[in-house]
Amino acid sequence: MKSIRLTEHEVTGKMPAQHIGGSRMGDTHTVKFPAARLALAMAILGTIGAFATEAGLDPITTVFWRCVFAAIFLATWCLVRGYLPDQSLSFRQIALAALGGVCMVLSWAAFFMGFAMTSIATTTIVYHIQPFFVILIGVVFLKERIAFDQLIWMAGAFVGVVLASGLVASSLPVSGTWVRGIGLTLAAALLYAVATILAKGLGRQRPEITALCQTMVGIVLLSPFAKVTHIPVASWGWLAGIGVLHTGIAYVLMYSAYPRLKTPVIGVLTFIYPLVAIFIDWAIYDHSLGIAQVVGMTMIVLGTLGVRLGWRLPIHKRLAG
């Protein structure tokens with residue numbers, strides 16, 4: 001059985017990209033300031049909740065137009081960079097990317113529903129439990145092995161989710177809408193994890209091409225349900241931003257930075273995303289986290305870093321001795 005190790009995209013909670021490192025990712029010798037690139041990408045992604053809220057549309061319509069604008073950007077990017085046409089693409093790769101696209105698009109929709117039903121900060125924090133769903137899927141379905149230390153860090157992170165969700169130790173009454181929003185956020189994290197597992201079967205296919213396939217699937221999948229006419233003029237800028245900034249530019253920055261950065265640096269920088277989301281939710285929407293939620297977020301961060309960086313627990317050492 002294989003032991004489990006989280007990869008960069010499993011920590012970030014972004015579009016799954018297979019084999020981040022290596023020559024197929026390309027152009028690592030031309031990349032300057034990779035840490036700054038990743039930090040900028042995370043800061044951009046931290047604003048997605050505000051963009052989705054300000055667009056003022058239902059989540060399905062917002063995700064549909066996210067896919068449209070992202071597909072335009074990514075197709076242009078891949079053509080200009082010479083990534084397309086790609087003669088190495090097989091029907092199996094396209095089909096697998098399409099299946100992952102279904103999971104990813106549904107994940108985005110559930111994620112945006114979470115924003116509307118809870119808060120930007122809460123949804124973002126809870127969503128960051130998705131790396132542990134990747135591990136659980138690997139253990140249950142792929143018979144991968146999990147270490148004792150990883151299990152403890154995971155357990156702590158899931159306790160953190162309970163606290164961060166606002167469902168317990170809250171000074172305000174919890175509504176049914178809030179509970180449904182947390183459920184949808186967890187569903188979004190689980191769907192992302194499935195998309196990540198599927199992406200692992202794509203070999204060394206460029207992540208930009210995978211992302212393009214997934215956004216094109218999203219256009220086809222959501223077009224019967226999305227609002228395609230009579231979009232308010234004020235919404236277009238926000239929709240274009242979600243597609244171009246959050247699904248185009250941010251992903252390109254991440255993919256170019258990953259091969260040049262060490263795991264600890266990636267693990268730390270990715271938490272810029274939730275920190276920016278928390279700040280925006282407080283500064284713009286006057287939503288602040290409770291003490292229990294702060295404790296919960298801290299437990300999720302520590303759990304993620306513990307698994308990602310292979311931190312060993314003192315109790316494990318005593319037992320081993």
Side-chain angles (χ1 to χ4, degrees), residues 6 10-14 42 45-53 59 62-63 103-104 106-137 150-196 267 270-308:
L6 290 182
E10 291 163 2
V11 171
T12 63
K14 315 307 167 298
M42 294 299 109
L45 287 165
T47 66
I48 193 170
F51 274 64
T53 300
T62 303
V63 174
C103 295
M104 182 57 63
L106 293 177
S107 174
W108 284 342
F111 187 46
F112 286 177
M113 290 176 189
F115 287 145
M117 293 181 177
T118 60
S119 69
I120 292 172
T122 300
T123 297
T124 303
I125 294 170
V126 173
Y127 183 73
H128 273 72
I129 199 64
Q130 51 77 23
F132 302 105
F133 282 142
V134 175
I135 292 179
L136 291 177
I137 291 173
Q150 289 179 313
L151 188 61
I152 298 300
W153 288 119
M154 283 178 58
F158 278 108
V159 172
V161 167
V162 174
L163 294 174
S165 69
L167 297 178
V168 298
S170 175
S171 59
L172 299 174
V174 178
S175 67
T177 299
W178 188 281
V179 173
R180 290 192 295 273
I182 295 298
L184 284 166
T185 303
L186 290 173
L190 180 59
L191 285 165
Y192 170 84
V194 174
T196 298
T270 51
F271 286 104
I272 292 175
Y273 177 0
L275 289 175
V276 170
I278 291 168
F279 174 77
I280 286 178
D281 206 20
W282 168 75
I284 299 178
Y285 303 107
D286 197 27
H287 294 158
S288 58
L289 296 177
I291 295 176
Q293 289 182 295
V294 173
V295 172
M297 178 187 172
T298 303
M299 294 177 70
I300 295 172
V301 170
L302 291 175
T304 302
L305 292 176
V307 171
R308 187 69 186 91

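Numbers for residues simply follow the sequence, beginning at 1.
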**Item:** Those residues that, when tested against Y285, pass ring pair (Phe, Tyr, Trp, His ring centres under 6.0 Å) (two or more places apart)
**Value:**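 If we apply the ring pair (Phe, Tyr, Trp, His ring centres under 6.0 Å) test to Y285, skipping adjacent residues, there are no hits.
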Do [X] and [Y] have side chains that get closer than 4.5 Å, going by heavy atoms?
{"X": "I182", "Y": "T122", "result": "yes"}
{"X": "F111", "Y": "L191", "result": "no"}
{"X": "I278", "Y": "T124", "result": "no"}
{"X": "V161", "Y": "F132", "result": "no"}
{"X": "F115", "Y": "P59", "result": "no"}
{"X": "T304", "Y": "Q130", "result": "no"}

Rounded to the nearest 0.5 Å, what separation is found between the [atom1] atom of [X] and the [atom2] atom of [Y]?
{"X": "T196", "Y": "M104", "atom1": "OG1", "atom2": "CE", "answer": "6.0 Å"}
{"X": "F51", "Y": "I120", "atom1": "CZ", "atom2": "CD1", "answer": "11.0 Å"}
{"X": "D281", "Y": "S288", "atom1": "CG", "atom2": "OG", "answer": "9.0 Å"}
{"X": "Y127", "Y": "I300", "atom1": "OH", "atom2": "CD1", "answer": "13.5 Å"}
{"X": "M113", "Y": "L184", "atom1": "CE", "atom2": "CG", "answer": "6.5 Å"}
{"X": "H128", "Y": "T270", "atom1": "NE2", "atom2": "OG1", "answer": "6.5 Å"}

**Request:** Sequence neighbours left out, what passes side chain to side chain donor-acceptor pair (under 3.5 Å) with T47? Give chain and number order.
**Result:**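 Side chain to side chain donor-acceptor pair (under 3.5 Å) check on T47 returns H246.
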What are the two closest non-hydrogen atoms of [X] and [Y], and how far apart are they?
{"X": "M117", "Y": "T177", "answer": "CB-O, 3.5 Å"}
{"X": "V168", "Y": "A292", "answer": "O-CB, 4.3 Å"}
{"X": "A121", "Y": "L289", "answer": "CB-CD2, 3.9 Å"}
{"X": "F112", "Y": "T62", "answer": "CE1-CG2, 3.6 Å"}
{"X": "I129", "Y": "A189", "answer": "CG2-CB, 4.1 Å"}

**Message:** Apply side chain to side chain contact (heavy atoms under 4.5 Å, CB included) to residues M42 and L275 and explain how you reach the verdict.
**Reply:** CA-CA 9 Å; M42 294 299 109; L275 289 175; over 6 Å; no
Please check if the side chain of [X] supplies one atom and the backbone of [Y] the other of a donor-acceptor pair under 3.5 Å.
{"X": "W178", "Y": "S119", "result": "no"}
{"X": "S107", "Y": "C103", "result": "no"}
{"X": "T123", "Y": "G114", "result": "yes"}

**Worked check of side chain to side chain contact (heavy atoms under 4.5 Å, CB included) between F158 and L136** = CA-CA 12 Å; F158 278 108; L136 291 177; 3.9 Å; yes
**Request:** Decide side chain to side chain contact (heavy atoms under 4.5 Å, CB included) for I125 and Q293; before the verdict, give the C-alpha distance in whole Å, the side-chain angles of both, and the deciding distance to 0.1 Å.
**Result:** CA-CA 9 Å; I125 294 170; Q293 289 182 295; 5.7 Å; no
